[in-house]
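First up is the structure itself, then whatever we jot down about it.
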Amino acid sequence: MATTITITGAGGQIGYALLFRIAAGELLGRDEKVRLRLLEIPQGLGAAEGAALELQDGAFELLEHVEVTDDAAVGFDGCNLALLVGARPRGPGMERADLLAANAGIFGPQGSAIAENAAADVRVTVVGNPANTNALIAAASADGVPAERFTALTRLDENRARAQLALALDAPVSSIRRLPIWGNHSATQFPDISHATIDGRPVLDALAERIDDVPAWISDTFIPRVAKRGGEIIEVRGSSSVASAANATIEHTRDWVQGTDDWTSAGVVSHGEYGVPEGLVSSFPVRSIDGEWQIVEGLDLDDGARERVDASVAELVEEREAVRALGVL
Ligand code: NAD
Ligand code: LMR
């Protein structure tokens with residue numbers, strides 16, 4: 001049996017960076033056959049069809065079938081994994097929340113189409129921004145599909161945080177673990193260094209050996225660098241991140257299916273953990289066990305951390321209010 005994977009916005013930039021890696025086995029491993037469904041809007045069909053031709057020319061041995069469509073019922077038919085990328089990206093000077101009105105209308109109908117057409121085990125990774133609230137909208141529209149099957153990508157933020165720490169400590173990125181992102185995939189996100197380890201010892205100790213005022217470095221340098229990295233990429237390259245976003249999408253979805261041996265970060269539905277209002281899709285430290293994300297519970301949040309988590313969660317509440325005002329929820 002092959003796994004059916006639907007990629008929305010498959011004719012766009014991130015779509016192009018995803019398709020060939022998935023066909024090469026980087027999402028599900030080199031033993032699992034894949035069937036791809038490329039869902040686009042009419043204006044994007046040509047680019048998606050071109051990508052499908054190139055997929056043929058790649059002669060990928062794991063690739064059983066490719067279908068290009070602008071019909072959501074066809075696009076999500078029997079899909080086991082749905083990567084919801086299709087949405088407008090922000091440009092210079094915009095915040096991701098500025099995309100709410102433009103993109104909110106996409107995710108309700110796609111949530112319904114997933115409920116009506118996808119396989120019973122469907123898992124959904126929302127990439128299109130604002131990713132957390134779009135995941136919330138899709139979940140709310142997917143009658144009969146557990147909300148836990150809808151997640152938002154914050155793995156890119158975690159990867160950015162680990163990479164910045166590795167640079168600061170002049171250490172390999174693989175030595176850094178347990179660096180979760182809390183809250184929204186936005187400038188209010190909280191990359192939480194307090195539990196992070198480097199080769200098993202506290203990162204805070206390693207930083208203290210190199211930096212005079214570690215708390216100031218964390219609040220004035222590290223957190224803003226990570227939280228505003230998406231904007232920095234837009235300023236420097238003229239459009240938003242692509243390959244790093246595709247890489248994080250693959251890592252998030254692969255870990256969800258295959259499991260993790262340690263913490264990572266994902267936007268998942270809250271059941272009230274850490275005081276995050278029930279139903280919001282917020283980033284938490286998570287583990288993937290038996291195909292399900294589980295929030296790592298019982299972590300201490302000091303006053304400063306609590307304040308940052310609360311600020312990001314307040315923004316998620318505002319976004320939910322804004323989409324309610326648009327009549328989307
Ligand atoms: P892009 O403009 O290159 O591609 C988007 C594609 O989506 C286009 O081909 C468009 O035709 C298609 N599309 C639009 N509406 C659609 C719909 N209703 N159904 C199917 N397809 C649709 O943009 P991109 O650079 O690929 O970025 C896509 C999204 O991902 C943006 O919203 C961007 O902000 C977001 N993003 C999120 C993260 C993250 O970490 N969560 C990282 C990078 C980018
Ligand atoms: C990112 O973090 O790179 C993406 O969400 C794109 C953006 O708008 O910042």
Side-chain angles (χ1 to χ4, degrees), residues 6-19 37-51 68-76 82-114 124-135 137-138 151-161 163 181 183-189 191 225-253 265-267 281 283:
T6 303
I7 297 115
T8 74
Q13 295 218 75
I14 295 175
Y16 196 74
L18 278 171
L19 293 173
R37 293 182 183 274
L38 280 46
L39 178 61
E40 260 292 348
I41 50 175
Q43 305 90 289
L45 279 177
E49 278 161 5
V68 180
T69 181
D70 62 355
D71 179 344
V74 175
F76 291 116
L83 311 180
L84 304 190
V85 180
R88 197 182 139 196
R90 68 176 167 145
M94 293 171 76
E95 288 302 326
R96 296 181 189 98
D98 297 336
L99 297 170
L100 261 182
N103 289 340
I106 295 174
F107 291 86
Q110 288 187 350
S112 309
I114 287 169
V124 182
T125 302
V126 176
V127 178
N129 278 317
N132 301 55
T133 297
N134 289 339
I137 294 168
T151 62
L153 185 72
T154 56
R155 182 63 164 264
L156 177 56
D157 305 299
E158 179 185 327
N159 287 347
R160 288 168 171 164
I181 305 295
N184 200 3
H185 173 62
S186 77
T188 67
Q189 69 180 262
R225 191 81 205 271
V226 173
K228 295 181 182 166
R229 184 66 160 190
E232 183 182 348
I233 301 287
I234 291 169
E235 290 303 325
V236 173
R237 80 184 288 274
S239 65
S240 66
S241 62
V242 178
S244 56
N247 183 56
T249 304
I250 286 173
E251 290 181 338
H252 167 110
T253 312
S265 312
V281 174
S283 189

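In what follows, every heavy atom counts, from backbone to side chain, and hydrogens, waters and symmetry copies are set aside. Every number for a ligand or one of its atoms is a count from 1 in the order of the listing.
- Atoms of ligand 1 lying under 4.0 Å from at least one heavy atom of Leu153, given by number and element, are 39 (C), 40 (O), 41 (N).
- Residue pairs meeting the side-chain hydrogen bond (donor to acceptor under 3.5 Å, both in side chains) criterion with at least one partner in residues 240-253, sequence neighbours excluded, are Arg21-Asn247, Thr125-Thr253, Thr151-His252, Asn159-Glu251.
- Annotation: side chain to side chain donor-acceptor pair (under 3.5 Å) contacts of Gln110 (sequence neighbours excluded): none.
- In the candidate list Gly9, Ser239, Ala152, Gly9 is nearest to atom 21 (N) of ligand 1, counting heavy atoms.
- Leu84 contributes atom CG, which lies 11.5 Å from atom CG of Asn103 (distance to the nearest 0.5 angstrom).
- Residue pairs meeting the side-chain hydrogen bond (donor to acceptor under 3.5 Å, both in side chains) criterion with at least one partner in residues 226-235, sequence neighbours excluded, are Arg225-Glu232, Arg229-Glu232.
- If you take CG on Leu99 and CG on Asn134, they are separated by 8.5 Å, rounding to the nearest 0.5 Å.
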What are the polar N/O contacts of ligand 2 with the protein below 3.5 Å, with distances?
from	atom 1	to	atom 2	distance (Å)
ligand 2	2 (O)	Arg96	NH2	2.8
ligand 2	2 (O)	Arg160	NH1	2.9
ligand 2	2 (O)	Arg160	NH2	3.4
ligand 2	2 (O)	His185	NE2	3.3
ligand 2	3 (O)	Arg160	NH2	2.7
ligand 2	3 (O)	Ser241	OG	2.7
ligand 2	5 (O)	Arg96	NE	2.8
ligand 2	5 (O)	Asn129	ND2	2.8
ligand 2	5 (O)	His185	NE2	2.6
ligand 2	8 (O)	Arg90	NE	2.5
ligand 2	9 (O)	Arg90	NE	3.1
ligand 2	9 (O)	Arg90	NH2	2.8
ligand 2	9 (O)	Arg96	NE	3.1
ligand 2	9 (O)	Arg96	NH2	2.9

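- Residues Asp70 and Pro42 approach most closely at OD2-CG, 3.5 Å, considering heavy atoms.
- Of all protein heavy atoms, the one lying nearest to atom 28 (C) of ligand 1 is Val85 O, 3.3 Å.
- Which parts of ligand 1 touch Pro89 is read off a 4.0 Å heavy-atom cut-off, strictly below it: atoms 2 (O), 23 (O), 31 (C), 32 (O), 33 (C), 34 (O).
- How far CG of Asn132 is from OG1 of Thr154: 7.0 Å, rounded to the nearest 0.5 Å.
- Heavy atoms of His185 found under 4.0 angstrom from ligand 1 belong exclusively to the side chain.
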List the steps, then state whether side chain to side chain contact (heavy atoms under 4.5 Å, CB included) holds for Ile14 with Leu83. CA-CA 11 Å; Ile14 295 175; Leu83 311 180; over 6 Å; no
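- Counting the atoms of ligand 1 from 1 in the order shown, those under 4.0 Å from a heavy atom of Arg88 are 31 (C), 32 (O).
- Residue Gly86 holds the heavy atom nearest to atom 13 (N) of ligand 1 of all those in Gly12, Gly15, Gly86.
- Within the 4.0 Å heavy-atom criterion, the part of Leu156 lying near ligand 1 is the side chain and not the backbone.
- Atom CZ of Phe76 and atom OG1 of Thr69 lie 10.5 Å apart (nearest 0.5 Å).
- The shortest N/O to N/O separation between Leu99 and ligand 1 does not fall below 3.5 Å.
- If you take CD1 on Ile233 and CZ on Arg160, they are separated by 6.0 Å, rounding to the nearest 0.5 Å.
- Of the protein's heavy atoms, Ile41 CG2, 3.5 Å lies nearest to atom 16 (C) of ligand 1.
- Looking only at protein heavy atoms, the nearest one to atom 34 (O) of ligand 1 is Asn129 ND2, 2.8 Å.
- The shortest N or O to N or O distance between Gly44 and ligand 1 is not under 3.5 Å.
- The protein heavy-atom contact nearest to atom 26 (O) of ligand 1 is Ile14 N, 3.0 Å.
- Looking at Ile106 against ligand 1, only its side chain comes within 4.0 Å, counting heavy atoms.
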Can you list the steps and then say if Thr6 with Ile114 is a side chain to side chain contact (heavy atoms under 4.5 Å, CB included)? CA-CA 10 Å; Thr6 303; Ile114 287 169; over 6 Å; no
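- Of the heavy atoms in Gln110, only side-chain atoms (C-beta onward) come closer than 4.0 Å to ligand 1.
- Of all the heavy atoms in Ala51 and Tyr16, the pair that sits closest is CB-CD1, 4.3 Å.
- Here the straight-line distance linking atom CD1 of Ile234 with atom CZ of Arg90 works out to 4.0 Å at 0.5 Å rounding.
- When all heavy atoms are compared, the tightest approach of Ala48 to Val68 is CB-CG1, 3.8 Å.
- In this structure, atom 42 (C) of ligand 1 lies nearest to the protein heavy atom Ala245 CB, 3.5 Å.
- Among protein heavy atoms, the minimum distance from atom 41 (N) of ligand 1 is reached at Val127 O, 3.2 Å.
- When hydrogens are left out, the protein atom nearest atom 25 (O) of ligand 1 is Gln13 CB, 3.7 Å; that is the closest non-hydrogen contact.
- Nearest to atom 20 (C) of ligand 1 among the protein's heavy atoms is Leu39 O, 3.5 Å.
- Pairing each heavy atom of Ser283 with each of Ser265, the nearest pair is OG-CB, 3.9 Å.
- Across all non-hydrogen atoms, the minimal contact from Gly11 to Ala47 is O-CB, 3.3 Å.
- Interface of Gly11 with ligand 1, defined as ligand atoms under 4.0 Å from a residue heavy atom, comprises 9 (O).
- Judged by the shortest distance from any of its heavy atoms, Glu40 lies inside the 4.0 Å radius around the atoms of ligand 1.
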